[in-house]
Amino acid sequence: MIMADMVKCPLCGTMNPPDQKTCERCQTPLSGGSFQTGQAPVRKDTGELEPILPEWLRDARETARQSGLDERFKQPDQQQPAASSADLLAGLQSQSASEDEEEVPDWLASITGVSKSKPKEEPAEPTGVRWVETGHKDDFQQEEEVPDWLAGLQAPGAGEEKKDELTSGWSSEQGSFQSPFQSIPESEAPFTPPASDDTPDWLKQMAAEAGEVKNEPAADSTLDWFSQTPAAPPSVPKADSATPFFSSAESAETPDWLSQLQADAAASSASQEAFAAPSGSDTPDWLSKLQADVNTDPQTEEPEPESFTADTPDWLKNLGGTPSREPASFVEPVPAESEPFASDGELPSWLAPEESKKSDSTPIWLKDQSETGADMPAWLSSDAVAEPPQVPQQATDVPPIDDGLIDMPDWLKSVTPEPLIFNEPAQPAPSVDEVPQATSAPAFTDDVPATDGLFTEMPDWLSNAIETPGKSLPAESTSAPDALAPNALPDWLEAMRPMEQAIPGSAALMSDQTLEQRGGLAGLQGVLPAGTGFAPTSKPKSYSNKLSVNDEQMKHAGIFEQILAAETAPEVLITERTLGASRGLRWALSAILIGVILITSFLGTQFLSVPVGVPNELAFAVSVAQAIPENAPVLVAMDYDASRAGEMEAAAAPLFDNLLLLKHPRLTFIASNEAGSILTERFMNGPLAFHIQNGVSYLNLGYLAGGQVGIRAFAQDPLTAMPLDITGQPAWTLPMLQDVRSLNQFALIILITDDANAARAWIEQTQDARGVVPVVAIASAQAAPLIQPYYDSGQVAGVISGLYGGAIVERQYNNGRPGTSRGYWDAYSIGMLLALLSTLGGGFVNWGLGLRKQPVAKGGK
Amino acid sequence: MIFSLDIVTGALGFLFTVMILSYLIGDNPLFKIAVYLFVGVASGYAAAIVIWQVLIPKLFLPTLNIIQTGDYTRGILLVAPWLGIGFILMKISPRLAGTARITMAYLVGVGAAVTLVGALTGTIIPQVEATMNFFDGAIFKPAAEMIEIAFSGSVILLGTVTSLAYFHFGARQKVDGSTRRSGIVNLLAWIGRIFIGSTLGAVFAGVYAAALTALIERISSIVNFLMSLFGLA
């Protein structure tokens with residue numbers, strides 16, 4: 001589908017297929033709708049809209065046509081006259097045409113010279129209702145639905161242009177609502193009955209006889225309502241005088257009453273002021289034209305008035321009379337909720353005389369004509385017209401019944417023009433300029449709710465009373481209390497006016513043609529009546545977002561903020577000053593200690609004495625060792641780390657030196673750690689090298705795996721646990737282990753360890769297997785306190801504790817041999833002294849500091 | 001020039017000693033190098049010892065001997081260690097690591113049993129007997145000796161009991177809601193704290209003494225090396 005063929009929705013802008021009637025998105029009528037957004041109202045031919053009228057109104061229109069008042073319902077050429085009166089009667093005409101189509105008497109037909117109208121095709125009522133509801137263009141009945149005789153009466157091209165029959169009257173060029181009985185506008189082509197066979201015969205006949213009728217030129221009067229509709233020729237009896245509606249050739253079928261009317265009309269000299277031209281003529285235009293046309297040949301082409309165009313029906317032209325130059329804006333108002341035309345005797349006002357003149361058989365409108373003294377057609381200038389019809393004050397007023405029309409058929413009565421028009425006193429018709437403009441009226445008034453007088457009651461023109469003009473009309477029209485003031489709108493007509501005009505005080509608003517900018521009604525002018533209180537009168541107030549606070553509130557807010565800040569503020573924790581690592585003190589002590597050691601070592605000083613006292617455990621250890629037999633097997637467990645090798649060698653060397661010198665034991669070394677075997681070699685080839693050199697041998701079984709389990713296994717079966725030595729030789733066959741097959745066959749077990757756990761393990765695991773074999777523990781200074789209980793318990797025979805014990809053994813029992821302990825003793829002593837002084841000094845300092853902080857702490861509390 | 005091995009060892013010893021003593025100025029790369037070397041060498045030596053003194057003579061050679069001789073009856077005992085080795089090596093695979101639990105369970109079980117029996121028979125019972133028997137025979141001793149024995153025994157007994165009471169943490173909730181031990185237990189624990197503190201102090205002194213001795217030994221070695229190196233010995 002080509003985009004060019006797409007139809008753009010005027011509201012939402014959505015592109016729709018060309019065959020789409022409504023927008024797919026917003027359901028807005030796309031084209032050909034009743035109206036487009038922003039589209040200015042266009043005058044439409046009310047005659048084309050006749051199908052949408054209620055049936056009763058259509059009948060009324062038709063009746064009106066048939067009553068011989070066709071000239072009042074002339075269809076404008078292509079444009080709908082401003083007068084809305086014709087629209088009002090259009091229904092009557094249509095109704096009359098529809099109802100009485102078949103009843104058109106031949107006499108009338110012969111009078112008018114129009115062929116008998118064809119049966120009117122009754123428009124479908126439901127469709128009409130539907131049309132009214134939807135208001136869619138397509139809903140309107142097409143021209144083909146218009147009765148032929150009526151269609152023929154329509155102005156050429158009138159069906160091409162749609163007309164809003166409700167608003168066209170309000171949006172007329174003149175902008176004024178005119179009385180339905182105003183004169184025919186001059187600028188608009190009067191109704192011209194088509195010269196086709198569709199024209200009713202009576203109408204034709206009327207046209208033909210129109211030339212015989214002398215019409216007084218109605219200068220300025222315009223029968224708007226008459227010129228609006230292609231009204232069927234009203235079945236008004238034709239007067240003998242040149243009446244516009246009746247041919248001079250009165251047919252034999254003319255009822256007597258019609259003849260009577262003609263006679264009376266001829267005698268009357270006053271014309272209906274309701275049809276008075278604005279220029280001040282008392283004679284209605286249509287009437288004037290009738291008079292003028294009497295003396296003219298309907299066939300002759302007279303210089304048509306300006307208002308008469310080629311479309312003007314010939315019969316109307318021949319009728320003469322200068323139509324009013326003012327275009328009659330014909331607007332078919334919304335049908336009032338009045339009773340339809342009934343043939344029950346309730347004559348419309350224009351047909352029925354006033355109450356005051358009930359006795360008068362002359363039609364009121366004819367009476368007025370006679371009162372004015374105008375050269376009225378005879379049938380119009382009836383002397384019986386005595387009183388002007390009263391302007392109906394209310395739409396409910398009972399229309400005056402014209403006695404003379406009592407005998408009139410109902411269909412004719414129903415289309416009887418409003419007496420108001422004819423009974424209007426001789427007053428100059430309001431000029432075009434004086435006609436109140438209805439410019440402020442909105443173009444579209446479909447949704448205007450009907451007023452009370454419009455829909456609830458029969459229109460006043462159907463009544464005998466003529467209402468006063470509309471309220472919006474100037475007061476000048478109230479000069480005649482009984483007559484319709486110039487430009488005065490009857491109440492029923494006033495009620496049909498749009499809401500904008502009916503709302504009191506809303507003139508300004510009604511005049512508001514503000515174009516709607518947004519919303520669903522964008523583009524329309526004056527769509528929504530801005531009622532009081534609804535329309536924004538001023539720019540919306542802008543409210544500030546700032547809080548209005550006073551000083552006290554600000555203070556409170558500040559206090560609250562401080563409280564919150566205090567809660568979120570980090571609290572500084574009061575921590576004691578930690579004692580950091582004093583690198584200087586560490587370096588000083590280290591320097592002193594290393595210096596002393598260096599000096600003493602380098603100098604080999606020995607000025608500090610070795611302790612004299614011998615601890616018991618040491619004495620027992622030495623005594624047990626010295627009590628073994630010579631060349632006894634001695635098991636030595638080497639379970640210390642390499643880092644403790646200096647201390648352990650210094651502690652163990654004196655005892656081993658003493659044993660080797662005195663007892664020559666067969667030493668068997670075993671270790672429960674991996675480094676024990678190598679430390680054994682170090683020990684035997686270091687401090688005890690003298691003895692090795694002298695042929696002392698020893699056996700190194702190596703590493704005993706399994707920890708306590710290995711020790712227990714060795715204790716239970718040494719041959720199985722340790723079959724080989726570190727060289728891979730069977731150890732238990734060597735001379736060192738000769739006659740030794742179990743643990744209890746050793747003479748002594750010497751435990752050299754720097755770990756209390758290792759000592760405990762050996763002591764515990766060998767408790768059962770060793771029997772009475774004594775165990776001597778040579779322990780490091782750090783393990784000796786933990787091994788002491790075993791000595792106290794008797795499980796260990798003796799304990800030699802570190803360098804202290806070695807020094808004592810070396811001095812006391814080994815005559816200072818090897819001398820390693822003695823060489824370390826001065827440095828060891830000084831070092832221990834430094835440690836003692838440092839410990840005591842630091843304690844005292846700490847104690848003093850604590851004492852100084854106590855008063856401060858107590859003061860703080 | 002023949003470099004004596006002693007000179008090399010002496011020089012390395014001196015070097016590593018200085019590197020270890022450099023910790024006085026703080027942690028430094030020299031100290032770490034020395035430590036890493038020590039750990040590495042120690043681990044390597046330990047591995048060598050295990051292989052040469054345990055696995056080969058006690059597992060591989062007997063197995064080989066059994067295979068060579070065909071005396072598989074004696075090889076039955078070797079099945080367990082071989083299985084143990086196999087199960088332990090299963091820890092390499094995360095999927096099969098569960099099988100190592102068998103060996104570990106056996107080792108832990110046996111070790112716990114041995115340790116328990118040894119602690120029981122080698123420490124607890126003898127220590128208890130010794131504590132009880134400390135006063136045994138004191139009555140038959142002279143007065144001075146008896147007093148000394150009595151006093152020593154009392155101190156020992158008091159230290160033992162109080163030290164054990166210090167590690168008693170059973171308490172009851174009081175009426176005021178607080179949880180406290182009984183008064184007697186608190187008193188004994190307080191006394192035991194003294195003995196425990198004294199013991200720890202003695203141990204600390206021993207540790208210091210041992211370390212000092214090691215330092216003296218090291219420095220003496222360096223001095224002797226330098227003196228021998230420079231011919232001042």
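Below, read A as the first sequence line, B as the second, and so on, with proteins coming before strands; counting in each chain starts at 1.
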For residues 101-130 of chain B, pull every pair meeting salt bridge (charged side-chain N to carboxylate O under 4.0 Å, His left out), keeping only residues two or more places apart or in separate chains. none

For Ala210(B) and Ala781(A), which heavy atoms make the closest approach, and how far apart are they? N-CB, 4.2 Å

Among residues 645-654 of chain A, which ones touch chain B with a heavy-atom distance under 4.5 Å? Gly646(A), Glu647(A)

Side chains of Glu217(B) and Arg644(A): does their closest heavy-atom pair fall under 4.5 Å? no

Under 4.5 Å from any heavy atom of chain B, what part of Thr820(A) do you find: side chain, backbone, both or neither? neither

Engaged part of Ala721(A) at the chain B interface, taking heavy atoms whose separation is under 4.5 Å: backbone

Quick one: CG on Asn700(A) to CD on Gln53(B), what's the gap to the nearest 0.5 Å? 7.5 Å

What pair of heavy atoms forms the shortest contact from Gly111(B) to Val709(A), and how long is it? CA-CG2, 3.9 Å

Give a yes or no on whether Phe620(A) atom CZ has more than 12 heavy-atom contacts from other residues, nucleotides or ligands under 6.0 Å away. no

Rounded to the nearest 0.5 Å, what's the gap from OG on Ser601(A) to CD1 on Ile222(B)? Could you check? 10.0 Å

Based on non-hydrogen pairs under 4.5 Å, which of Leu21(B), Leu215(B), Ile219(B) is most in contact with chain A? Ile219(B)

Please state whether the side chain, the backbone, both or neither of Pro789(A) comes within less than 4.5 Å of a heavy atom of chain B. both

Above 12 or not: heavy atoms from other molecules or residues under 6.0 Å from CZ of Phe60(B)? yes

Interface moiety of Gln795(A) toward chain B, non-hydrogen atoms closer than 4.5 Å: side chain

Can you tell which part of Leu593(A) gets under 4.5 Å to a heavy atom of chain B, answering side chain, backbone, both or neither? side chain

Please flag which part of Ala119(B) lies under 4.5 Å from any non-hydrogen atom of chain A: side chain, backbone, both or neither. both

When every non-hydrogen atom of Gly831(A) is compared with those of Tyr208(B), the smallest separation belongs to O-OH, 2.7 Å

Rounded to the nearest 0.5 Å, what's the gap from OG on Ser677(A) to CH2 on Trp52(B)? Could you check? 14.0 Å

Dump the intermediate steps for side chain to side chain donor-acceptor pair (under 3.5 Å) on Gln767(A) and Thr121(B), then the final yes or no. CA-CA 8 Å; Gln767(A) 182 71 31; Thr121(B) 59; over 6 Å; no

Give the interface residues of residues 796-804 of chain A toward chain B, defined by a heavy-atom separation under 4.5 Å. Leu803(A)

Neighbour count >12 (heavy atoms, 6.0 Å) for atom CZ, Phe607(A): yes

Rounded to the nearest 0.5 Å, the CD1 atom of Ile216(B) sits from the OG atom of Ser829(A) at a distance of 8.0 Å

Using non-hydrogen atoms and a 4.5 Å limit, figure out which bit of Leu226(B) sits close to chain A: side chain, backbone, both or neither. neither

Where Leu212(B) and Met832(A) come nearest, the two heavy atoms and their spacing: CD2-N, 3.5 Å

Region of Gln782(A) that comes under 4.5 Å of a non-hydrogen atom in chain B: both

Quick one: what part of Val114(B) sits under 4.5 Å from any heavy atom of chain A, side chain, backbone, both or neither? both

May I ask you to name which of Ser221(B), Pro126(B), Ala214(B) has the most heavy-atom pairs under 4.5 Å with chain A? Pro126(B)

Shortest non-hydrogen contact from Gly122(B) toward Tyr790(A): O-CE2, 3.8 Å

Mark yes when over 12 heavy atoms from residues, nucleotides or ligands other than Lys91(B) sit less than 6.0 Å from its NZ; otherwise mark no. no

Rounded to the nearest 0.5 Å, how far does OH of Tyr828(A) lie from OG1 of Thr213(B)? 5.0 Å

Pick one of side chain, backbone, both or neither for Ala827(A), based on which atoms fall under 4.5 Å of a heavy atom in chain B. both

So which part of Val54(B) gets closer than 4.5 Å to some heavy atom of chain A, the side chain, the backbone, both or neither? side chain

What residue in Ile678(A), Thr839(A), Ile711(A) has the most heavy-atom pairs under 4.5 Å with chain B? Ile678(A)

When rounded to the nearest 0.5 Å, the distance separating OG1 of Thr199(B) from CD of Gln788(A) is 11.5 Å

Could you look at Ile594(A) and say if it's the side chain, the backbone, both or neither that has a heavy atom under 4.5 Å from chain B? both

Please give me the minimum heavy-atom distance between Asp792(A) and Ala130(B), naming the atom from each residue. O-CB, 4.3 Å

What residues, two or more places apart in sequence or in another chain, satisfy ring-ring contact (aromatic ring centres under 6.0 Å, His included) together with Phe683(A)? Phe656(A)

Does a donor on one side chain sit under 3.5 Å from an acceptor on the other, for Gln127(B) and Ser793(A)? yes

Are more than 12 heavy atoms from other residues, nucleotides or ligands located less than 6.0 Å from atom OH of Tyr45(B)? yes

Is Val117(B) in contact with chain A via its backbone, its side chain, both, or neither, using a 4.5 Å heavy-atom distance? side chain

Leu598(A) portion near chain B, given a 4.5 angstrom heavy-atom threshold: both

Heavy-atom count check: over 12 atoms from other residues, nucleotides or ligands less than 6.0 Å from Tyr791(A) OH? yes

